[in-house]
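In what follows, a single structure is set out as structure tokens and then discussed.
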Amino acid sequence: MHYNQGFGEMLQCLLKGNGVPMILGIETSCDDTSAAIVRTDGYVIGNLLINQDEVHRPFGGIVPEIASRNHTFYLLNLIERLLEESRLGWKDIGGIAVTNRPGLLGSLLVGVITAKTLSLAKNKPFVGVHHLEGHIMAPFLSDEKHKAPLFFKDPFLALVVSGGHTALYRVNKFGNYNVLGETIDDAAGEAFDKFAKMLNLGYPGGAVIDRKAQSGNISRYNFPRGLGKEDNLNFSFSGLKTSALLQLEKMSDDEKSKNISDLCASYQEAIVDSLMIKVRKALKLYSLNKVIVTGGVSANSRLRFCIEKLAEESIEVVIPPLKFCTDNAAMIAYAGLKRMEANEFSDLSLTVSARSELGHV
Ligand code: KG4
Ligand code: ZN
């Protein structure tokens with residue numbers, strides 16, 4: 001990342017002193033196209049998103065080529081609409097933040113090239129943002145409907161759990177993270193989606209499984225908790241997937257449909273339990289008493305229930321509203337703003353990367 005002291009000071013002056021406290025965020029790391037405008041205090045002025053679920057549904061998963069092509073169709077229009085709906089012009093934008101890692105390379109490229117072009121055309125500084133750093137900033141966003149927690153300070157534990165990522169971080173302070181554990185194979189959301197595919201429940205399948213599980217028995221089927229007994233803080237969901245496949249192979253279509261709620265509840269419990277085992281272990285091991293959960297799977301009602309229950313053990317819990325948990329450009333804008341406040345900027349040599357370690361440029 002490029003460091004430019006003079007530019008940074010100028011931007012801080014612009015951001016803080018002269019009434020231009022806004023950053024444009026761009027997120028295109030996967031299949032969601034999103035643009036947002038966020039103030040220096042984390043207040044989200046506008047956050048627009050175009051979801052491609054319908055387009056990828058027939059394929060049972062994301063087709064990278066289609067995702068990136070759609071970003072090229074949507075992104076510029078979305079940014080124009082965002083400015084219009086926010087009643088703002090380019091003069092109000094202090095800088096541009098764009099996700100440049102990790103993600104699908106073609107998708108990331110669309111966002112990064114757009115950010116570079118706008119930076120040149122509109123004469124704005126820009127910065128590349130790590131997608132997971134964006135997720136970690138989600139709890140600190142606010143808008144007219146939602147206030148950010150006032151006294152939630154680092155250090156804290158962050159569980160980032162989505163269709164692409166499942167990881168635990170110790171957040172020491174902004175920009176300083178320890179990766180405590182991560183999945184060694186599938187992400188938790190992927191595990192939900194694959195089970196939904198086995199049951200022909202459509203894509204993405206997490207929300208459907210969550211719904212079907214509501215009336216099911218969580219202990220009817222005995223699915224494994226991958227790495228649950230291991231000392232490390234990593235996750236594994238591939239054994240669960242195989243075990244579920246073997247279970248379904250033993251059942252007729254009629255049996256599957258009669259027992260769908262129990263199947264979903266037991267499978268969901270195995271995922272949530274695997275996550276909770278490691279969250280508890282991490283809190284204890286690192287003497288932390290605060291935890292945030294973010295990423296699309298944080299929508300899961302059973303996971304929310306189990307995490308919120310930690311509050312009974314004097315653990316402070318923050319689960320941001322879903323619109324800030326799932327992929328969105330507001331979290332990217334805010335993370336980018338923090339980077340710019342620390343005098344970190346990118347230049348035209350900024351590249352994209354599929355790698356996911358936080359801190360890797
Ligand atoms: O964060 P996200 O919107 O996109 C990325 O993957 O980065 O997360 C999407 C994932 C999908 O795998 C979807 O099945 C899962 O989040 N998901 C859920 C629920 N809602 C969405 N998983 C379990 N329960 C839900 N209610
Ligand atoms: Zn994400």
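We count ligands from 1, going down the list as the structure has it; atoms in each ligand are counted the same way. Computed from heavy atoms alone, side chains included, the values below leave out hydrogens, waters and symmetry copies.
- Of the polar atoms of H131, none of the N or O atoms is found under 3.5 Å from an N or O of ligand 1, judged by distance alone.
- At least one donor-acceptor pair closer than 3.5 Å links the side chain of E255 to the backbone N or O of S252.
- Remark: ligand 1 and G206 share an N or O pair separated by less than 3.5 Å (distance only, no angle test).
- Closest protein heavy atom to atom 4 (O) of ligand 1: D327 OD2, 3.5 Å.
- Atoms of ligand 1 found under 4.0 Å from any heavy atom of G189, numbered from 1 in the order shown, are 12 (O).
- Ligand 1 has no nitrogen or oxygen under 3.5 angstrom from a nitrogen or oxygen of T326.
- Using a distance-only test at 3.5 Å, with no hydrogens or angles considered, no donor-acceptor pair links the side chain of S261 to the main chain of A213.
- In this structure a side-chain-to-backbone donor-acceptor pair under 3.5 Å is missing from R170 to L157.
- Counting only protein atoms, the N, O or S atoms lying less than 2.8 Å from the Zn ion (ligand 2) are H131 NE2, H135 NE2, D327 OD1, ordered by chain and residue number.
- Aromatic ring orientation, F237 versus F235: parallel (interplanar angle below 30°, classes split at 30° and 60°).
- With hydrogens and angles disregarded, no donor-acceptor distance shorter than 3.5 Å links the side chain of N176 to the backbone of K173.
- With sequence neighbours excluded, the residues that form a ring-ring contact (aromatic ring centres under 6.0 Å, His included) with F195 are Y267.
- Heavy-atom proximity to S162, at under 4.0 Å, picks out these atoms of ligand 1: 1 (O), 5 (C), 6 (O), 7 (O), 8 (O).
- For ligand 1, the atoms sitting less than 4.0 Å from at least one non-hydrogen atom of A299 are 20 (N), 26 (N), numbered in the order shown with element in parentheses.
- Below 3.5 Å of separation, one finds an N or O of G163 facing an N or O of ligand 1.
- In this structure, the protein non-hydrogen atom closest to atom 1 (O) of ligand 1 is G296 N, 2.9 Å.
- The number of heavy-atom neighbours closer than 6.0 Å to CD of E313, taken from other residues, nucleotides and ligands shown, is above 12.
- A donor atom on one side chain and an acceptor atom on the other are not found under 3.5 Å apart for H71 and T28.
- When hydrogens are left out, the protein atom nearest atom 15 (C) of ligand 1 is V297 CG2, 4.0 Å; that is the closest non-hydrogen contact.
- Among protein heavy atoms, atom 24 (N) of ligand 1 sits closest to N300 ND2, 3.0 Å.
- In this structure, the side chain of N300 engages the main chain of R302 through a donor-acceptor pair within 3.5 Å.
- Under 4.0 angstrom from ligand 1, the non-hydrogen atoms of D210 all belong to its side chain.
- Remark: the backbone N or O of S238 is paired with a side-chain donor or acceptor of D185 at under 3.5 angstrom.
- Listed by number with element, the atoms of ligand 1 under 4.0 Å from a non-hydrogen atom of G164 are 6 (O).
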Carefully, step by step, assess D186 and K241 under the rule salt bridge (charged side-chain N to carboxylate O under 4.0 Å, His left out). CA-CA 9 Å; D186 291 345; K241 201 176 55 189; 2.9 Å; yes

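- Taking distance alone, with nitrogen or oxygen atoms compared against 3.5 Å, D193 approaches ligand 1 more closely than that limit.
- No donor-acceptor pair closer than 3.5 Å links the side chain of S243 to the backbone N or O of P224.
- The aromatic rings of H135 and H131 sit perpendicular to each other, their planes meeting at more than 60°, with 30° as the lower class boundary.
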